[in-house]
Chemist: 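Take this structure, written in structure tokens, and hold onto it; I'll ask about it next.
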Amino acid sequence: MRYWLMKTEPSVVGIDHVLAMKNQTVDWWGVRNYQARNFMRDQMQVGDKVFFYHSSCPEPGIIGLAEVVKKAYPDRTQFDPSSPYSDPKATAENPRWVNVDVRVVKKTRLIGLDELRAHPELANMRVLQRGNRLSITPVDPAEWKFITEKLL
DNA sequence: GCCAACGTTGGC
DNA sequence: GCCAACGTTGGC
């Protein structure tokens with residue numbers, strides 16, 4: 001089992017939106033970065049644990065715990081010509097983009113970037129690195145343990 | 001809105 | 001395969 005951090009913009013799909021969905025589960029559509037896609041396609045398994053992270057918003061940070069509940073399958077938005085995520089090079093036979101399904105386990109207090117940065121134990125987290133833009137990043141088991149046991 | 005960082009595109 | 005131009009991300 002692996003641990004991940006997945007970013008989402010709360011103005012598009014925030015944790016409260018997902019909590020209001022059926023089974024508190026969302027298909028993680030819209031990833032258009034190959035490295036992030038490959039994490040979903042090649043490494044994510046049902047049961048993997050996820051930090052739910054709000055980005056591009058007034059208070060960026062971890063806001064919940066979630067888990068992977070369905071393995072990667074083609075992202076529906078790539079086939080939708082009206083979607084900004086449409087990809088004309090993607091076909092049903094050769095989909096280019098995939099997503100997993102993610103279920104929110106619980107909403108937590110907000111652990112903001114400043115707070116995360118304040119702990120030396122978390123200094124190597126990808127999301128804290130300068131210039132980091134990757135929307136899905138692996139989380140070290142020790143980092144998961146520290147955050148869930150010491151900060152929450 | 002700014003801008004640093006970095007990914008993608010496309011001409012050569 | 002190089003790399004300049006361009007586009008996007010995301011904190012501030």
Side-chain angles (χ1 to χ4, degrees), chain A residues 2-21 25-44 48-68 71-140 142-144 146-148 150-152:
Chain A
R2 298 177 193 265
Y3 301 95
W4 306 94
L5 182 144
M6 299 176 79
K7 295 181 189 172
T8 182
E9 299 187 21
S11 62
V12 184
V13 181
I15 195 161
D16 292 329
H17 295 109
V18 181
L19 285 171
M21 290 179 189
T25 298
V26 65
D27 53 323
W28 207 267
W29 53 269
V31 170
R32 293 296 180 270
N33 168 281
Y34 290 107
Q35 206 177 341
R37 179 204 66 181
N38 293 347
F39 283 142
M40 286 199 284
R41 187 190 63 188
D42 303 334
Q43 296 192 34
M44 281 194 179
D48 282 8
K49 307 290 190 189
V50 175
F51 285 130
F52 196 104
Y53 180 96
H54 279 174
S55 69
S56 291
C57 60
E59 295 185 301
I62 292 170
I63 190 67
L65 304 181
E67 64 183 3
V68 176
K71 287 188 64 172
Y73 59 95
D75 177 335
R76 60 188 162 83
T77 61
Q78 70 194 304
F79 307 122
D80 177 359
S82 70
S83 167
Y85 292 93
S86 150
D87 185 341
K89 292 179 184 162
T91 63
E93 295 74 26
N94 279 302
R96 181 180 291 198
W97 306 108
V98 299
N99 60 249
V100 297
D101 283 356
V102 172
R103 184 177 73 89
V104 172
V105 175
K106 67 184 289 193
K107 184 176 180 179
T108 64
R109 72 181 184 88
L110 178 87
I111 309 176
L113 276 180
D114 291 351
E115 182 174 355
L116 292 170
R117 288 205 171 96
H119 297 285
E121 293 89 343
L122 305 177
N124 292 326
M125 280 190 83
R126 281 289 285 279
V127 76
L128 302 182
Q129 304 309 307
R130 177 186 173 85
N132 165 71
R133 296 182 352 190
L134 201 54
S135 65
I136 298 176
T137 51
V139 170
D140 189 273
E143 293 164 348
W144 179 275
F146 181 82
I147 291 170
T148 54
K150 300 282 203 281
L151 301 188
L152 291 178

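Note that the structure is predicted; figures quoted are calculated from it, not measured.
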Chemist: Can you name the ring pair (Phe, Tyr, Trp, His ring centres under 6.0 Å) partners of A:Trp144, sequence neighbours left out?
Modeler: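 With sequence neighbours excluded, A:Trp144 shows a ring pair (Phe, Tyr, Trp, His ring centres under 6.0 Å) to A:Tyr3, A:Phe51, given in chain and number order.
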
Chemist: What's the CD-P distance between A:Gln35 and C:dT8, to the nearest Å?
Modeler: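 In whole Å, C:dT8 P and A:Gln35 CD are 19 Å from each other.
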
Chemist: OP1 or OP2 of C:dC12 less than 4.0 angstrom from a side-chain nitrogen or oxygen of A:Arg117, does that happen here?
Modeler: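 Looking at the OP1 and OP2 atoms of C:dC12, one of them is under 4.0 Å from a side-chain N or O of A:Arg117.
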
Chemist: Listing time: all N or O pairs from protein to nucleotides 2-7 of chain C that are below 3.5 Å?
Modeler:
from: C:dG7; atom 1: N2; to: A:Arg133; atom 2: NH1; distance (Å): 3.4

Chemist: Could you state the CG-P distance from A:Leu113 to C:dG10, rounded to the nearest angstrom?
Modeler: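 Spelled out: CG on A:Leu113 to P on C:dG10 is 11 Å.
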
Chemist: Output the rounded distance in Å from CG (A:Asn132) to P (C:dT9).
Modeler: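 About 13 Å, once rounded to whole Å.
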
Chemist: Between A:Tyr73 and A:Asp101, do the side chains contain a donor N or O and an acceptor N or O under 3.5 Å apart?
Modeler: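 Yes - a donor-acceptor pair under 3.5 Å links their side chains.
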
Chemist: For the pair made of CD in A:Glu115 and C1' in C:dG11, what is the distance, rounded to whole Å?
Modeler: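 That distance rounds to 17 Å.
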
Chemist: For residues 2-18 of chain A, pull every pair meeting salt bridge (charged side-chain N to carboxylate O under 4.0 Å, His left out), keeping only residues two or more places apart or in separate chains.
Modeler: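 Checked against salt bridge (charged side-chain N to carboxylate O under 4.0 Å, His left out) - neighbours excluded - the pairs reaching residues 2-18 of chain A are A:Asp16-A:Lys107.
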
Chemist: Nearest-Å distance, CG (A:Leu134) to C1' (C:dG11)?
Modeler: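 One finds 16 Å between C1' of C:dG11 and CG of A:Leu134, rounded.
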
Chemist: Rounded to the nearest angstrom, tell me the gap between atom CZ in A:Arg126 and atom C1' in C:dG10.
Modeler: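 Between C1' of C:dG10 and CZ of A:Arg126: 15 Å.
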
Chemist: Applying ring-ring contact (aromatic ring centres under 6.0 Å, His included) between A:Trp97 and each of A:Tyr34, A:Tyr85, A:Trp29, report the one that passes.
Modeler: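 Answer to the ring-ring contact (aromatic ring centres under 6.0 Å, His included) test with A:Trp97 among A:Tyr34, A:Tyr85, A:Trp29: A:Tyr34.
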
Chemist: Please check the phosphate of C:dT9 (OP1 and OP2 only) for any side-chain N or O of A:Lys7 closer than 4.0 Å.
Modeler: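 No, A:Lys7 has no side-chain N/O under 4.0 Å of OP1/OP2 on C:dT9.
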
Chemist: Could you tell me the separation between the CG atom of A:Asn33 and the P atom of B:dT8, rounded to a whole number of Å?
Modeler: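 One finds 6 Å between P of B:dT8 and CG of A:Asn33, rounded.
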
Chemist: So, do A:Trp28 and A:Phe52 have ring centers that fall under 6.0 Å from each other?
Modeler: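 Yes.
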
Chemist: Is any side-chain heavy atom of A:Met125 closer than 4.5 Å to one of A:Val139?
Modeler: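 Counting from C-beta outward, A:Val139 and A:Met125 do come under 4.5 Å.
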
Chemist: Look at A:Tyr85 and C:dT8 and indicate whether a side-chain polar atom (N or O) is within less than 4.0 Å of OP1 or OP2.
Modeler: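 Result: no.
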
Chemist: To the nearest Å, give me how far apart CG (A:Asp114) and P (C:dG10) are.
Modeler: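 After rounding, the reported distance stands at 17 Å.
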
Chemist: Let's see if you can work this out: which of C:dG11, C:dG10, B:dT8 has an atom nearest to the side-chain heavy atoms of A:Ser135?
Modeler: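 It is C:dG10.
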
Chemist: Go through the side-chain N and O atoms of A:Ser55 and A:Arg133 and say whether any donor and acceptor fall under 3.5 Å apart.
Modeler: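 No pair is found: no donor N or O on one side chain lies under 3.5 Å from an acceptor on the other.
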
